[in-house]
Each structure stands twice: as C-alpha cells, then as structure tokens.
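In what follows, a single structure is set out as structure tokens and then discussed.
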Amino acid sequence: MTQRIVIAGASMGGLRAAERLRAAGFTGEIVAVGDEPHLPYNRPPLSKEALASEVTHEALAFRLRPVVADVAWRLGVPVVSADLAARAVRLGDGTELACDGLVVATGMRPRRLPVPGPAAGRHVVRTLEDARALRAELRPGVNVLVIGAGFIGCEVAATARTLGASVTVVAPEDAPMRRPLGAGLGAALRRRHEERGVTFLLGRTVRAFLGEERVTGAELSDGARLDADVVVEAVGSVANTEWLEGNGLDLSDGVLCDEALRVEGRPGVVAVGDVARFPNPRYDGVPRRVEHWSIPTDTAKHAAVTLLADLGLGDPPAGPFAPLPTFWSDQYDLRLQSFGAPVLGEDDIRVLEGDLDGEVVVGYHRDGELVGVVLIGMASAAGRYRAALNRAPVAA
Amino acid sequence: MKVIVDMDVCKDHGQCVFSAPEVFQINENGRLVYEAEPDESLRDAVEEAADVCPLQAITIEG
C-alpha cells in the first residue's frame with residue numbers, strides 16, 4: 001500500500017519538508033494541510049514592503065519546485081486534532097486522514113494583549129491578510145501606537161514612520177530588540193529610530209485600550225494616556241499546538257523534539273520550523289524554539305531524513321542537527337544581520353569593528369569564545385564572521 | 001542551467017554567497033553579482049542559494 005505522510009502546516013516549513021521528503025526519495029503520498037487559503041509564501045516582507053505598497057500573494061509565493069508538483073495541498077482548513085498512537089489527524093472540515101508519518105509544521109500565531117477595550121483598529125502582522133488590513137490604515141499623519149519593541153515592532157515602526165505616520169513604541173524592556181542585541185546595541189538602535197522621529201515609551205506596558213467602537217488610544221501601566229488611530233500589537237507569539245493535546249506531549253513551549261527532530265522520541269513524528277523545540281549541540285543540550293527565517297529550511301532538511309529512516313525508507317541522518325542560527329532585520333536604510341547565538345553571550349559583549357552609531361560589528365562571547373555576532377551595515381565582513389562561527393567545534 | 005536574479009527585488013543580503021560562492025558574489029560596492037550560466041555540477045548549491053534568499057529573488061531555469 002502507498003505510504004502517506006501528512007504535513008500539518010502549509011507555510012515555509014511545510015513546503016521545505018515536502019521538498020526534502022521528495023529529494024530524499026519518498027515516492028508515497030504527501031498531504032499538506034494549512035489553515036490559510038494560500039500556498040506557502042514568504043513572510044518577512046509583511047512588516048516592510050507589504051506595508052509600504054500593494055503586494056500580491058503571487059509576489060510573495062515560494063516557487064514550487066517540480067518535485068513537489070504532486071503534493072496534495074489542503075488549504076483553508078486547519079488540523080484540529082491528532083491521535084499519534086493511531087496515526088490519524090482530523091481536519092476542521094471533519095475529514096480524517098490516516099498517515100504513516102506526520103510532520104508538525106503548524107508554526108506560531110501572534111500573541112494578543114489580554115487587556116480590555118475595543119478590538120477595531122488593533123492589528124497584528126503574521127499573515128498576508130494582516131498586512132493588507134494594516135496597510136489600509138497607514139497614512140501620513142496618523143498616530144500609530146506600536147506595542148512591543150522586538151523584530152516586528154521595530155520593523156513596523158520604521159515602515160510606518162517612513163510612510164509619514166506619527167509613531168510611538170511602548171514596550172516593557174529598556175531598549176528595542178533588547179534580546180538578542182543587548183543593552184548597548186539596543187540603545188544605539190533606539191537612537192537611530194529617534195533621529196527619524198519615533199518616540200519610545202519604554203519600561204511600560206498597556207493596561208487598557210481606549211475608545212468605544214474603535215480604539216482611540218491606550219492607557220499605560222504608569223497611568224499615562226496616549227491617543228492612537230492605529231494600534232499594532234507585536235508582543236510575541238504563541239505556538240499552534242492545541243491540536244496535539246491528548247497525546248501526552250509536553251506542549252509547554254512548542255513541540256519538544258529529540259536531537260533528530262523526532263517529537264519526544266516518537267518514531268514517524270517530526271517537527272519543523274519555529275514550533276519545534278530542539279537541542280542544538282553547537283551550544284548545549286537545552287531544547288529551544290528558534291523563530292528565525294532560516295530555521296524552517298534547516299529543520300526540514302534534517303527532519304525529512306529522520307522521518308524516512310523511521311519509516312524504513314532510508315538511513316538516519318549522518319550527523320547531529322547543529323544549525324548556525326542567522327537572522328536579519330531591515331529598518332529604514334539599516335541592515336542588521338546576526339550569525340550564531342548572541343543571547344548566549346550577552347554577559348560579554350564587545351564592539352569588534354566600527355562604532356555603535358555608525359556601521360558596526362558587535363561580538364557576543366561565552367567563556368571568552370565568540371558565540372554570536374551582530375552587524376549593522378558592514379556587509380563585506382559578514383562572510384568572515386560567519387565562517388569563524390561555523391568553524392567552532394560542535395560538541396555532539 | 002540558467003540563473004536569473006530579479007535585481008529589483010534583491011537587497012544584497014548575500015545569503016546566496018554562502019551557499020554558492022562560485023556563482024554569487026558581493027562586489028566592492030556591496031552589490032550582488034552572479035554567473036548567469038553556471039556549470040551543471042553546481043546545481044545543488046544554486047538550489048540551496050535560491051532557497052535561502054530572504055527575498056526569494058533567485059530563479060533557476062533549465
């Protein structure tokens with residue numbers, strides 16, 4: 001009988017998993033199920049280009065390689081439950097799908113602030129529809145309140161400001177992108193935003209949204225009241241794992257994986273992308289979720305091999321899964337790039353080249369060893385630092 | 001194999017350079033330059049480069 005692999009999640013991780021299963025020789029049926037109505041598309045432009053101008057799904061869609069031409073896409077319907085012992089998943093339309101192998105690729109959704117007030121005028125940025133809805137409200141002169149000073153918050157603030165909006169950022173930290181950049185570089189990033197007219201109200205949270213039908217402002221934890229025409233909540237994300245409840249899994253922070261990306265050692269069940277909490281022997285044995293754009297591709301490559309080996313269709317992975325984390329962020333004309341794990345070296349941060357208010361390379365060290373770098377500009381130096389971090393031994 | 005980079009989309013991240021340095025380079029002005037008809041032996045590397053392009057600006061034909 002033809003074997004079937006179900007991929008729960010039809011975004012980048014699901015697509016990459018399908019590609020890698022085919023590349024590794026799987027000839028059975030692949031069904032990819034996604035709650036969004038779209039084929040997989042690239043999300044980073046959603047907080048930048050897609051807010052600045054009309055961007056179609058076609059422009060953001062990942063190319064579909066010939067090897068995935070026969071993947072059955074079940075779009076616009078979520079996976080609502082799974083019975084891992086019986087190897088079956090149930091979809092939102094009632095369909096039951098039996099499967100031999102399962103790829104967990106359901107990703108994350110934006111966290112919403114659990115505070116009182118009207119819902120209209122409050123936005124998040126995760127999907128194409130989210131970006132379209134926010135773009136329709138971003139005009140010169142509108143008051144935009146961005147809650148959260150991480151990647152999405154900073155990028156949305158920069159885009160909105162560039163479009164001529166008046167932008168205020170409220171966040172509990174003492175600097176934007178405090179993790180992973182650290183206090184010094186975070187403060188430098190704040191200065192760059194402030195030079196361009198963004199106001200930061202840090203060390204504060206939102207207590208309530210104001211307004212009747214639609215949000216007109218917010219009341220902060222210190223009692224201050226701000227006017228706002230548009231609110232963007234960029235306060236982190238929540239793993240989409242509810243559908244896995246009832247299987248005895250630890251779902252406290254995504255899906256706990258072993259070193260081969262198998263879900264808690266269960267043969268034939270793997271996880272990919274930012275929902276997967278996995279150990280990286282490049283650093284230590286602590287399982288972590290990683291919400292970087294490079295992770296769906298890295299995890300899918302490895303998880304596909306693990307899964308096929310579990311199904312008796314191939315050899316297990318040749319080596320440990322030890323990806324070099326990498327991320328970037330574009331804000332105004334600034335390009336931030338990171339390689340390695342800055343958060344593991346935040347007690348010993350040094351400027352390696354340049355200066356914090358110009359182009360700069362910042363190094364993050366653990367026990368005197370470089371474990372991460374962040375560059376602002378300095379593009380020509382990126383390869384050198386990346387190579388140095390890649391050369392560091394992996395203690396497997 | 002033919003490689004096409006949409007230079008209106010490319011933002012010179014240089015991720016492709018890490019995957020396929022024989023095909024993609026960042027020049028001294030920080031702009032991407034590339035070999036449009038690389039040898040077939042480099043296909044895996046070029047596929048990888050296309051995958052990791054943050055802007056998904058790389059197309060492979062043939």
Side-chain angles (χ1 to χ4, degrees), chain A residues 12-13 15-17 19-20 22-23 40-45 47-50 55 57-68 292-298 300-301 323-324 326-330 333-339 359 375 377-387 389-390, chain B:
Chain A
M12 188 186 190
L15 172 63
R16 294 286 182 249
E19 288 171 350
R20 296 298 163 176
R22 286 287 185 247
Y41 61 94
N42 201 23
R43 296 187 196 276
S47 52
K48 302 179 275 281
E49 293 85 351
V55 171
H57 173 263
E58 189 187 0
L60 297 182
F62 288 109
R63 75 194 167 114
L64 293 179
R65 290 182 179 183
V67 291
V68 294
H292 295 167
W293 184 85
S294 58
I295 286 296
T297 301
D298 290 340
K301 269 186 204 173
L324 182 72
T326 167
F327 69 77
W328 82 93
S329 178
D330 287 331
D333 53 348
L334 306 172
R335 160 77 42 81
L336 279 81
Q337 276 187 284
S338 170
F339 302 99
E359 296 204 5
L375 301 89
M378 292 265 184
S380 59
R384 184 156 39 90
Y385 288 102
R386 183 180 182 277
L389 289 162
N390 246 339
Chain B
M1 173 175 45
K2 205 169 167 190
V3 175
I4 300 160
V5 181
D6 185 337
M7 295 306 289
D8 292 334
V9 173
C10 173
K11 293 209 167 161
D12 308 303
H13 279 268
Q15 293 290 327
C16 53
V17 179
F18 303 136
S19 298
E22 305 88 343
V23 179
F24 302 95
Q25 281 108 41
I26 296 289
N27 71 13
E28 60 217 23
N29 299 321
R31 293 306 317 266
L32 180 76
V33 292
Y34 65 102
E35 164 63 50
E37 294 188 24
D39 191 83
E40 185 60 30
S41 64
L42 296 168
R43 180 173 290 274
D44 284 355
V46 174
E47 292 272 0
E48 163 98 16
D51 280 357
V52 301
C53 170
L55 279 301
Q56 295 288 294
I58 301 172
T59 310
I60 302 162
E61 285 181 358

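Both backbone and side-chain heavy atoms feed into the values below; hydrogens, waters and symmetry mates do not. Every chain is numbered from 1, with letters handed out A, B, ... down the list of sequences. Please read all numbers here as calculations on a predicted model, not as lab measurements.
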Working for side chain to side chain contact (heavy atoms under 4.5 Å, CB included), residues B:I60 and A:R65: CA-CA 10 Å; B:I60 302 162; A:R65 290 182 179 183; over 6 Å; no

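- Between A:R63 and B:D51, the closest heavy-atom pair is NH2-OD1, 3.7 Å.
- Other residues, nucleotides and ligands contribute at most 12 non-hydrogen atoms within 6.0 Å of the CG atom of B:D44.
- Listed here is the closest heavy atom pair of A:R335 and B:D12: NH1-O, 3.6 Å.
- At a 4.5 Å heavy-atom cutoff, the contact between B:Q15 and chain A is made by side-chain atoms alone.
- Within 6.0 Å of CD on A:E58 lie no more than 12 heavy atoms contributed by other residues, nucleotides or ligands.
- Taking chain A as the reference chain and counting heavy-atom pairs below 4.5 Å, the highest number among B:P54, B:G30, B:A50 is found for B:P54.
- In this structure, CD in A:E49 is found 3.5 Å from NZ in B:K11, a value given to the nearest 0.5 Å.
- Neither the backbone nor the side chain of A:F327 comes within contact range of chain B; no heavy atom of the residue lies under 4.5 Å from a heavy atom of that chain.
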